[in-house]
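Below, chain A is the first sequence line, B the second, and so on; all start at residue 1. What you see is a predicted model, and the numbers here were worked out from it, not measured in a lab.
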Number of protein chains: 2
Amino acid sequence: MRPREFDHDALLRIAFDQVWRKGLRGALLSDIAREAGVQRGSLYNAFGSKEALFLAAYDRYAGDYLGAVEQALGGGTLRDSLTAFFDMTIRNFRSGTPPRGCPTTRGLMELDSSSSADAALHDQAREAFAALLTRIIALIEGAFARAASRGEFSSDAAAAAWQIVTVTRGLAVLERAFDDEAQLRKIAAHTIDLLLGKSDRAA
Amino acid sequence: MRPREFDHDALLRIAFDQVWRKGLRGALLSDIAREAGVQRGSLYNAFGSKEALFLAAYDRYAGDYLGAVEQALGGGTLRDSLTAFFDMTIRNFRSGTPPRGCPTTRGLMELDSSSSADAALHDQAREAFAALLTRIIALIEGAFARAASRGEFSSDAAAAAWQIVTVTRGLAVLERAFDDEAQLRKIAAHTIDLLLGKSDRAA
DNA sequence: CCATGTTCTTGACGTCGTGTCAAATATTAT
DNA sequence: ATAATATTTGACACGACGTCAAGAACATGG
């Protein structure tokens, strides 16, 4: 039983950072190995394949992101929660220089069954992306439901949650197209107004 | 002056079909060349690079898609126009077996500056994607403006147009995540309701 | 009708990243 | 100490991209 010579968790961070900045195609195993001070072969021994490594790295990120969503949705009025959620999400898209965009959205769009050697791993990756979205929807729906019980909201909480997550995915795409953060924030504010009504907006 | 031995337009169709089904990474120049009955070298002679070929193929598609948008938004009430627009868009995402998704959205998310050898071409591709979205927004905004002049709509036409395009991009992402066309249609209907009000819905 | 020049096509080559494997190495357990 | 087991290493084959010189096909001018 020879022990690993590299920090498993640090490697996942290095790998995800590369994927976030350069995409699945652009992230090179040779770069990751060099940055981590190991040989490529060790990565195959530890993870089995490039995709499996990236999947493990993504799971790590997904947990962090979900925690940030929970925190953003945590307190205050429904409008405050949604504003904080959009704010956090847009800040996440725009982090880094140049902005790295949304890893979940990019990962989803880069998926294609034909290019993946292992079909099971391909499905597992899609599950991981979908699972994060599903959990986010559940959290948002919960925020709407709580607000409804306080009399702050009276429409379909599930429909509202889907609407919001759809818009965040759209924002992730527009971010790549236009590189205009003010426009993203305008759209987010407009979405909130549509769902909650413009009338009860804070002064 | 030796003439080309292949049909330029047919080649673009073949290339775009490959990209649409397999993505930018998955689309192989060797497959395209074989399908078109030419050698890879001829493609480089005609287009200069893989990206330039795909860009030309995309421009062809963008024109077709924009025409379909114009037609969908053409007649009837604003609600009819928007319904037709979402319907056409979702049908486009779901065409093919398996569904091919949205090429514009996928193309945008696959863009990354570090992996492209030629920075000018990279920017040109982003411009092409952004230009299509901008034109679609203008068309939708026009539909809202016309409806406003008929008294069918009284809010901010530009904000409404951005909202709709953002949602369509979000739908393109959710399509990849969940493979659930009914859910996509629900979200689209909900978006229309939010913008136009649920009250004046057709019986 | 033939020669010339220009463009297109062909096939081979170098490069890069991936994935695999056998040999070497470093621990743990007996 | 020795055997057993897991990890690391470096070399290898493969596939796709991009380049290039040489050959092929056509238009033009004589």
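Tested against A/Tyr61, the residues A/Phe16, A/Phe54, A/Phe129 include a single ring-ring contact (aromatic ring centres under 6.0 Å, His included) partner, A/Phe16.
Below the 3.5 angstrom threshold, one finds no donor paired with an acceptor across the side chain of A/Arg2 and the base of D/dT5. A donor N or O paired with an acceptor N or O is found under 3.5 Å between the base of C/dG19 and the side-chain atoms of A/Arg40.
Rounded to an integer number of Å, the gap from B/Leu28 CG to D/dA16 C1' is 7 Å. Atom OH in B/Tyr44 sits about 15 Å away from atom P in C/dT9, given to the nearest Å. For the pair B/Leu29 CG and D/dG15 C1', the interatomic distance rounds to 13 Å; values are reported in whole Å. Distance CG (A/Asp118) to P (C/dG19): 11 Å, rounded to an integer number of Å. Whole-Å rounding puts the B/Arg34 CZ to D/dC17 P distance at 12 Å. Computed from coordinates, the B/Lys50 NZ to D/dT19 P distance equals 14 Å when rounded to whole Å. Taking atom CG of residue A/Leu11 and atom P of nucleotide D/dT7, one finds them 14 Å apart after rounding to whole Å. Rounded to whole Å, the distance from CG on B/Asp31 to C1' on D/dG15 is 12 Å.
Put simply, the side chain of A/Asp112 does not reach to within 4.5 Å of the side chain of A/His122, judged on heavy atoms. A/Leu195 is not listed as a side-chain neighbour of A/Leu78, based on a closest heavy-atom distance of 4.5 Å or more. The shortest side-chain heavy-atom distance between A/Ile14 and A/Asp17 does not fall under the 4.5 Å cut-off.
With distances taken from any side-chain atom of B/Met1 to the nucleotides C/dT27, D/dA27, C/dT10, the minimum falls on D/dA27. Checking D/dT8, C/dT10, C/dT9 against every side-chain atom of B/Phe6, the shortest atom distance belongs to C/dT9. Distances were taken from every side-chain heavy atom of A/Asn45 (C-beta onward) to each of C/dT18, D/dG18, D/dT7; the shortest belongs to D/dT7.
Across all their heavy atoms, B/Phe153 and B/Ala160 have their closest contact at CZ-CB, 4.0 Å.
Residues A/Glu51 and B/Glu5 each lie close to DNA chain C; by heavy-atom proximity, the contact nearer the 5' end of the strand is made by B/Glu5.
For the pair B/Gln39 and C/dG11, the criterion of a side-chain N or O lying under 4.0 Å from OP1 or OP2 is met.
Using a 4.0 Å heavy-atom distance criterion, B/Ala33 is classed as making no nucleic acid contact. At a threshold of 4.0 angstrom between heavy atoms, the contacts of B/Ser30 are confined to the sugar-phosphate backbone, with no base atom among them.
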